[in-house]
Protein chains: 2
Amino acid sequence: MTLDMPDSLLTARDRFDRLHADLRDRICLLDYAPGTRLSEEKLAAEYGVSRTPLRRVLARLESEGLVQSVHGVGTFVTDVDIEELAQTYQLRLELAEMVGRLSPVPPSPEILARLARAADRARTLVTAPDPRAFAQLNMEVFLARLSLTANEALREFAERLYIRTARIWLKSVFASRVDLAEETEMFLREIEEVEAALATGDLHAAALIQRAHISMSFTRMKTGRRPGRG
Amino acid sequence: MTLDMPDSLLTARDRFDRLHADLRDRICLLDYAPGTRLSEEKLAAEYGVSRTPLRRVLARLESEGLVQSVHGVGTFVTDVDIEELAQTYQLRLELAEMVGRLSPVPPSPEILARLARAADRARTLVTAPDPRAFAQLNMEVFLARLSLTANEALREFAERLYIRTARIWLKSVFASRVDLAEETEMFLREIEEVEAALATGDLHAAALIQRAHISMSFTRMKTGRRPGRG
DNA sequence: TCGGCCGGTGTTGTGCACATCACGCAGCAG
DNA sequence: CTGCTGCGTGATGTGCACAACACCGGCCGA
C-alpha cells in the first residue's frame, strides 16, 4: 500500500505520519472493531519501533476521538453511535456546503480524472459489492473533493469530521441496517451528478449535491432497512 | 491561578490538561511571543515533571498549530499572519453563526450572570485599558457563549479555531495597528447587544451579532489604524 | 581571501527500565 | 455460602540515558 524507502531517507515526521495514517485507516475500515484493545507493545513490535513513538501516534488518535486510553487498563477503539453522532453529522453537512462556497478552486484535470476513475470503480462495485472496498473508495473521493476548496482550515476540519464519522456507515452495513447494493448505486449516482455539476463549473452545486447525499445517507442509517425488503 | 491539590489525587490526565491549558494560555496571551523557542528541559523543570509528559503536551500544541517542533533545532511558537489567517477567519465567521442555529440551548441564569459580570469588567477596562486583561476577558466570554449550543463537535471546532486566531488581536494591539480603547468599547457594545438579544430569547440574533463583530474586528486589524487618528 | 570540511554543542527523537494503576482470582474470616 | 482482603498480572504513564540531527565556529587548503 505504502511505498517503502530506506530508513536513511525517512525522517521522524514521515514515520509518524505513516503510522498515524495506517492505524487511522485500520480503525476507520473496521479492521479494528470498536472496543478492540490496542496493545502498545504488540503494535510497536509490528511496526518495528519502540513504545515511545507509537504512544505519540496513539495520543494523536485519542485527540481525534478514535481511541481512548485508560491508565492501567488499556487503549481501546472508541465506539460510534448514530444518535450521538447526529450533531457531528449536522456540522458535517454545513462544512460540506461550505466547500463549494469558501475559496472554491476550479477543478483540475487531475481531479476530474480521479473522479472518473472513482466512478469506474464504483460501477465495478455495483456488480460485485464489497463493503471495505466501497468504504475505501468513499474516503478517497471525499478527500479528493476537499481539494476543491483553497481554505486549508476548512479542509482540515472537514477531514477530521469525516474521520470521526466514517466508521458508522461500514458498521451499518455489517449490521444489515443499510443495503450495500443500494448504497453503492446511490454513491455512483452522486459521483455522476457531481461530475455533471463540475462540468458546468458550478462548484456550489457540486457541494450541495454532496451535502444532500451525506444527509440522505445519514437518514438511511438512522432509519434502517424496512423489514420485508431485504 | 489553578488550585493546588495533593499529587495523590491528581491523575495523569489532570496533569496533562493543566499543563496543556497553561502553556496554551501563555502562547495565546503572548507571554511567549511568536518565534520563541520553548526548551523542553526548562519547561519540564519548571512544571516539576520529566520531558516525557511535557513532550506529550507539546505534541498536542503542535497538532493545534500553536508550536512547531524541528528535530535537532527546537520547538518554536508559531507566528500568526493576518493574510494567512484570512481563510481561518472566514471559517470562524460561519461557525459563529452556526452556534445560534445548530442545537441552540436557552441561556441559563449562570450564563447571563457571567455575561453581566463580563460587561462590568469590560466597563472597567474601558476606563483603564489593559491589553492582556482584555484578551483574557475576550477568551472567557467566547468560551461562555459556546455553551449556548449543545452541539459538542461545533463547540470543539469553534474553540480550536478561536485558539488558533486569538493571538492576532493582541499582536495587533502591541503593533499599534488597532486602537485598544476603540476595541474595548466595541467589545463592550458587543456584550450589551448580545445581552439584549438573549433577553428576547433570539439566540440566532445573538450569534449573528458575534459574527458581525468578529468580521469587523478582523477588518480593523487588516486595515490598520488610519494615520492622523492616533 | 574564499570555500569547504569537520568537530563541538545543544536540541529533539528513541529505547528501555521502572513506577503507577486497575482488574481478577485465590484465600480466608464471618 | 458470602463478602472482603490481599496479591499477582498486565496495562499505561514516567524518568532517564542515549541516538540522531542541525547549527556554528574554527581550521585548513587552494
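Lettering of chains follows the sequences in order, A, B, ..., and the numbering in each one begins at 1.
- The stretch residues 38-47 of chain A comes close to DNA chain D through A:Leu38, A:Glu40, each having a heavy atom under 4.0 Å from the strand.
- In this view, B:Arg55 and B:Glu40 satisfy the salt bridge (charged side-chain N to carboxylate O under 4.0 Å, His left out) rule, not counting sequence neighbours.
- When the C1' atom of D:dC21 is taken as reference, atom CZ of A:Phe16 falls 19 Å away, rounded to whole Å.
- Atom OH of B:Tyr162 and atom CG of B:Asn138 lie 4.0 Å apart (nearest 0.5 Å).
- Ion pairing of A:Asp14 with A:Arg18 is absent here, as no side-chain N (NZ or NE/NH1/NH2) approaches a carboxylate O to less than 4.0 Å.
- Ionic pairing of A:Asp79 and A:Lys171 is present here: one or more N-O contacts between side-chain nitrogen and carboxylate oxygen are shorter than 4.0 angstrom.
- Salt bridge status for B:Arg117 with B:Glu140: absent, with no side-chain N to carboxylate O gap under 4.0 Å.
- No side-chain donor-acceptor contact under 3.5 Å links A:Arg164 and A:Thr78.
- Contact check, B:Arg15 against D:dT14: a side-chain N or O comes under 4.0 Å of OP1 or OP2.
- Contact check on B:Arg24 versus B:Glu64 returns no salt bridge, with no Lys/Arg side-chain nitrogen under 4.0 Å from an Asp/Glu carboxylate oxygen.
- Annotation: salt bridge (charged side-chain N to carboxylate O under 4.0 Å, His left out) contacts of A:Glu62 (sequence neighbours excluded): B:Arg13, B:Arg56.
- Proximity of residues 52-62 of chain A to DNA chain C (heavy atom under 4.0 angstrom from any strand atom) is restricted to A:Thr52, A:Pro53, A:Arg56.
- The two residues B:Leu23 and B:Leu61 have their closest heavy-atom pair at CB-CD1, 3.8 Å.
- Residues passing the salt bridge (charged side-chain N to carboxylate O under 4.0 Å, His left out) test with B:Arg155: none are found, sequence neighbours excluded.
- Scanning atom types as modelled, one donor and one acceptor separated by under 3.5 angstrom connect the side chain of A:Arg51 and the base of D:dG13.
- Within residues 65-78 of chain B, the residues having any heavy atom under 4.0 Å from DNA chain D are, by residue number, B:His71, B:Gly72, B:Val73.
- In this entry the distance linking CG of B:Asp14 with P of C:dT20 reads 17 Å, nearest Å.
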